[in-house]
Amino acid sequence: MNYQWYPGHMTKAKRQMQEDIKLIDLIIEITDARVPMSSRNPDIDEIGRNKSRLILLNKSDLADPAANEAWIQYFKKQGYHAVGIDARNKNGIKKVQNTILEACKEKIERDKRKGIKNRPVRAMVVGIPNVGKSTFINTYAGKAATKTGNKPGVTKGKQWVRLNKSVELLDTPGILWPKFEDQIVGERLAMIGSIKDDVLNIEELSLVMIDYLREHYKGAIEKRYEVSEEGRHVEVLERIAEKRGCIKRDSEIDYAKASALVMDEFRNGRLGRVTLELPGRGEDKDA
Ligand code: G4P
């Protein structure tokens with residue numbers, strides 16, 4: 001995956017999206033439920049104005065259930081429709097489909113008044129890399145979905161997949177770029193593994209993670225590693241290293257290995273369901 005975005009890439013992605021958005025009624029924006037703010041790019045609000053909007057908090061299986069609910073309420077208050085999902089799991093399909101119809105209610109009623117019957121709602125998926133766009137499209141419109149290509153009036157080459165008789169989805173997602181300029185955003189995207197670790201210092205990242213867990217998910221480290229989480233964060237990392245055998249040949253602690261272990265385990269949900277930002281906590285200038 002390439003996370004190096006340059007102004008040229010952004011302009012191109014934006015232009016492509018502006019073209020695709022003309023064809024659709026609804027924007028399905030996928031975010032990562034562990035960082036719903038940092039994994040968004042608000043430029044989509046400008047690009048997608050006048051369109052119905054649905055925000056999916058994906059990977060909600062890895063995020064804190066209470067935080068998922070708080071974010072859903074937060075986005076709803078802002079006028080979006082919002083649902084938490086695990087895109088790998090078909091169980092959420094019905095809920096998402098119902099919300100799509102709810103989000104497009106006005107359009108459907110407008111069609112009805114004009115005597116247009118059964119014109120499906122058209123939607124496209126957008127989001128920054130790694131939030132689960134392809135997984136969503138595969139699960140929701142995967143093998144069983146009917147491909148409906150090149151219809152008259154549809155830009156040549158565009159493929160639509162049918163979710164059901166009322167909803168069609170553009171089969172290629174729009175890729176939004178992360179807001180790298182904001183350091184906190186960069187750090188949080190690195191935490192969830194969306195920015196390559198070699199770009200950021202994994203040891204620093206794991207220490208920030210240890211501090212965050214101790215503050216907001218007290219006991220999570222003790223439970224997972226059976227070590228005390230008291231003291232300086234680096235001491236906690238050292239205890240984890242000793243416990244898990246992250247020791248070099250010369251009996252020195254292998255900080256890099258221990259840090260990678262902590263970050264991997266966080267990303268796989270082994271440290272529990274953790275959300276890294278909450279609406280109204282005052283740490284996010286936007287939230
Ligand atoms: P993208 O198109 O937006 O770039 O994302 P993509 O679908 O490729 O998903 C990125 C990774 O996130 C995938 O893992 C996918 O399995 C995982 N993923 C997507 N949705 C969910 C979800 O709701 N819950 C969880 N837990 N994981 C999800 P991958 O590339 O196969 O890596 P990995 O599975 O080996 O970590």
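Ligands are counted one by one from 1 in listed order, and the atoms in each one are counted from 1 as well. By convention here, the first residue in the shown sequence is residue 1. Because only heavy atoms are used, hydrogens play no part in the values below, and waters and symmetry mates are left out as well, while side chains stay in.
By the side-chain hydrogen bond (donor to acceptor under 3.5 Å, both in side chains) test, Arg34 pairs with Asp32, sequence neighbours left out.
Residue Val131 has at least one nitrogen or oxygen atom sitting less than 3.5 Å from a nitrogen or oxygen atom of ligand 1, judged on distance alone. The distance criterion of under 3.5 Å between nitrogen or oxygen atoms is not met by Leu62 with respect to ligand 1. Taking only nitrogen or oxygen atoms, main chain and side chain alike, Pro129 does not reach within less than 3.5 Å of ligand 1. In terms of polar-atom proximity, defined here as any N/O pair under 3.5 Å, Ser134 does make such a contact with ligand 1.
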Hey, can you pull the donor-acceptor pairs under 3.5 Å for the side chains in residues 103-111, sequence neighbours left out?
residue: Lys107; atom: NZ; partner: Asp111; partner atom: OD2; Å: 2.8
residue: Asp111; atom: OD1; partner: Arg119; partner atom: NH2; Å: 3.0
residue: Asp111; atom: OD2; partner: Arg119; partner atom: NE; Å: 3.4

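Of the options Asn268, Asp264, Thr135, the smallest heavy-atom separation from atom 13 (C) of ligand 1 is shown by Thr135.
Look at Arg214 and Asp211 and you find a salt bridge, because one of the NZ, NE, NH1 or NH2 atoms lies within 4.0 Å of a carboxylate O, short of that distance.
Under the 6.0 Å distance and 45° angle rule, Arg40 does not count as a cation-pi partner of Tyr74.
For the side chain to side chain donor-acceptor pair (under 3.5 Å) criterion with Arg88, the lone passing option out of Thr139, Asn138, Asp61, Thr135 is Asp61.
The distance from ligand 1 to the heavy atoms of Asp61 drops below 4.0 Å at these ligand atoms: 22 (C), 23 (O), 24 (N), 25 (C), 26 (N).
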